[in-house]
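One structure is given below, encoded as structure tokens.
Chain naming here is simple, since letters A, B, ... match the order of the sequence lines and numbering starts at 1 in each. Note that the structure is predicted; figures quoted are calculated from it, not measured.
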Protein chains: 2
Amino acid sequence: MIDESSEPGAEYAGDTAGAASDGDTERRILHAARNVFVRRGTAGARMQEIAAEAGVNQALLHYYFRSKERLAAAVFREAASRLVPEVVRILGSALSLEEKVEGFVHAYIDTVRQNPFLPGYVLAELHHHPERLTALREISRVQPSDALRTLRERLAAELEERARSGSMRRIPVDQFIVNVASLCVFPFAARPVLDAALGFDDEAFERFLDERREALPSFILAALRP
Amino acid sequence: MIDESSEPGAEYAGDTAGAASDGDTERRILHAARNVFVRRGTAGARMQEIAAEAGVNQALLHYYFRSKERLAAAVFREAASRLVPEVVRILGSALSLEEKVEGFVHAYIDTVRQNPFLPGYVLAELHHHPERLTALREISRVQPSDALRTLRERLAAELEERARSGSMRRIPVDQFIVNVASLCVFPFAARPVLDAALGFDDEAFERFLDERREALPSFILAALRP
DNA sequence: GTCTATATTGTGATAGAC
DNA sequence: GTCTATCACAATATAGAC
């Protein structure tokens, strides 16, 4: 049973179905719910399993979150809230393009490594529940200075300037964004396929990530050389 | 209601809940099942919805496939059987590395474009049902000459030779494979995110794919220059 | 092979005691 | 706030006529 969380001070046995009413119960439930939703998907998750993993009764889930759907929405919001601000923070920085690429690759791999199944969960969730997009949009809108739209424009200007000065090949900004995102996110989202196709186990995957963390920035930048 | 299939001669209204017993019923059911499983996920799919979309009764699903689980397994096998051989075919060809990269990008985008939600479905399915990996492995094993292992070795040799001759930068073969796969697959798997982050609609996504089909090979090869 | 019931279990949700 | 017990219905699966 993998604990996908990494909050400090979050250790309690999943099957402690007694009086473990120390910390915040609501947080315990949300935490258990994330684990279950991440590994089973929203439709496959069972309220009973969440209750057991939180060490509480099933009725409490409804007391705190009213319905499975609301609980699922809360979990998704929380997961997306971990990823979006991190992305915005890096891209919004005043670094050079080269530093941004390296900073993004490093920060993304370092962050997601602690919750390696989050990307797969978020993608699967969006695939099967397009209505979650509104939550994503809201999170993005709340970001300082309406970040996503602004960041895209700034990045486009930077790429254009580099192309004009001849220090980089011209590349459409959307292609560039998707390239970087692809190279960072896909290995996590496709973890099971990598296990099958390349024979990875946990340890091999960790080594692969170490190697990737170092090699990816120069791979990306090399592709942009004129 | 999107029809994710592209088999020739497969047009019947989904709500024709009458006597449409022309073609092969089993195939009709499998076809409808794929549509429903792809958009709802295995756990979220309802046998009733599949029956309705196939224009038959729910009991027939059990007559042909015995249980939902077996039907799900059949759908997954069929989906994976579309993707794996295509990949093997291209990589196994006797082309140069440059031609292989271009051939793979073109073939993958051209193929998957007709079933743009397949990658998302396969990834989500593997994420939530790791047991499906065995099916993937079986399909891979059946490929001529135990293809996957062999292909990886051949590719590694090719990359090594290029590195030795100085015509390409050295890159670990697994990183290279994952890079190419990431850049091709991710845009499909993350379609909803692209819609949200870059404001794509169906038409914009198609234009994006056209552009990508042409730009991606040179992006990849440029990254490998010494 | 295909249909109309119907059996049977699973599962989200609520009532009400403590 | 937390529990036990239970409701109500959704969903898979089967029986049996045609």
Side-chain angles (χ1 to χ4, degrees), chain A residues 12-76 125 128-129 131-132, chain B residues 12-76 125 128-129 131-132:
Chain A
Y12 31 77
D15 49 359
T16 306
S21 350
D22 45 79
D24 193 0
T25 304
E26 182 169 350
R27 191 169 301 278
R28 287 233 312 286
I29 292 173
L30 197 62
H31 174 255
R34 185 180 62 229
N35 286 339
V36 175
F37 279 125
V38 163
R39 68 169 174 268
R40 308 263 189 232
T42 302
R46 295 292 161 249
M47 297 294 271
Q48 168 52 33
E49 188 176 358
I50 296 171
E53 188 147 334
V56 300
N57 189 280
Q58 194 175 339
L60 265 197
L61 272 52
H62 289 90
Y63 175 79
Y64 280 105
F65 292 93
R66 189 69 188 171
S67 73
K68 181 185 176 182
E69 167 55 31
R70 281 166 184 268
L71 181 53
V75 167
F76 181 82
E125 190 70 5
H128 297 310
H129 304 269
E131 72 273 14
R132 297 266 186 275
Chain B
Y12 30 80
D15 49 358
T16 306
S21 353
D22 44 77
D24 192 1
T25 305
E26 183 170 349
R27 191 168 301 278
R28 288 234 312 286
I29 291 173
L30 197 61
H31 173 256
R34 185 179 62 229
N35 286 338
V36 175
F37 279 125
V38 164
R39 69 169 174 267
R40 307 262 189 231
T42 303
R46 296 292 161 245
M47 298 293 271
Q48 168 51 33
E49 188 175 358
I50 296 171
E53 188 147 335
V56 300
N57 188 280
Q58 195 175 336
L60 265 198
L61 272 52
H62 288 90
Y63 175 80
Y64 281 105
F65 292 93
R66 189 68 187 172
S67 72
K68 181 185 176 183
E69 167 54 31
R70 281 166 183 270
L71 181 54
V75 167
F76 181 82
E125 191 68 7
H128 297 311
H129 304 269
E131 73 272 14
R132 296 266 186 275

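A43(A) comes within contact range of no nucleotide atom at all, as no heavy-atom separation falls under 4.0 Å.
In this structure, H128(B) and V38(A) approach most closely via the heavy-atom pair CE1-O, 3.5 Å. Contact detail for L30(A) and A74(A): the closest heavy-atom pair is CD1-CB, 4.0 Å. What you find for A33(B) and V75(B) is that their closest heavy atoms are CB-CG2, 3.7 Å. Nearest heavy atom pair, residue A32(B) against residue I50(B), reads CB-O, 3.7 Å. Residues L60(B) and I29(B) approach most closely at O-CD1, 4.1 Å, considering heavy atoms.
Rotation axes derived from the C1' atoms of the five outermost pairs at either end of the helix from dG1(C)-dC18(D) to dC18(C)-dG1(D) lie 0° apart, to the nearest 10°.
Note that OH of Y63(B) and CG of N57(B) are 14.0 Å apart. Values are rounded to the nearest 0.5 Å. Taking CZ of R34(B) as the start and CD of E53(B) as the end, the distance is 10.5 Å to the nearest 0.5 Å.
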- [ ] Test side chain to side chain contact (heavy atoms under 4.5 Å, CB included) on F37(A) and L71(A) and set out the steps.
- [x] CA-CA 10 Å; F37(A) 279 125; L71(A) 181 53; 3.9 Å; yes
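Note on H62(A): a side-chain N or O is less than 4.0 Å away from OP1 or OP2 of dA13(C). One finds no side-chain N or O of R46(B) lying less than 4.0 angstrom from the OP1 or OP2 phosphate oxygen of dA10(D). Remark: T25(B) is in phosphate contact with dT2(C), judged by side-chain N or O atoms under 4.0 Å from OP1 or OP2.
Counting to the nearest Å, the P atom of dG1(C) and the CZ atom of R28(B) are 13 Å from each other. In this structure, I29(A) atom CD1 and dT2(D) atom C1' are separated by 10 Å, rounded to whole Å. To the nearest angstrom, C1' of dA5(C) lies 14 Å from CD of Q48(B). Between L61(B) atom CG and dG1(C) atom P the separation is 15 Å, expressed in whole Å. Rounded to whole angstrom, the span from the OH atom of Y63(B) across to the P atom of dG1(C) amounts to 5 Å. Protein atom CD of E26(B) is 10 Å distant from nucleotide atom P of dT2(C), rounded to whole Å. In this structure, CD1 of I50(A) is placed 12 Å from P of dT11(C), rounded to the nearest angstrom.
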For nucleotides 4-9 of chain D, which of its nitrogen or oxygen atoms have a protein nitrogen or oxygen under 3.5 Å away, and what is each distance?
unit_1	atom_1	unit_2	atom_2	d
dT4(D)	OP2	N57(A)	ND2	2.9

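Legend: residues meeting side-chain hydrogen bond (donor to acceptor under 3.5 Å, both in side chains) with E49(A), ordered by chain and number and at least two apart, are R39(A), R40(A). When the side-chain hydrogen bond (donor to acceptor under 3.5 Å, both in side chains) test is applied to E26(B), no partner is found at least two apart in sequence or on another chain.
For the side-chain hydrogen bond (donor to acceptor under 3.5 Å, both in side chains) condition, the pairs that include at least one residue of residues 66-75 of chain A, sequence neighbours left out, are E69(A)-R132(A).
For the segment residues 65-76 of chain A, the set of residues with a heavy atom within less than 4.0 Å of an atom of DNA chain C comprises R66(A), S67(A), K68(A), in numerical order.
For the pair H129(B) and T42(B), the minimum side-chain heavy-atom distance is below 4.5 Å.
Listed nucleotides: dT14(C), dT2(D), dA13(D). Nearest to the side chain of L60(A): dT2(D).
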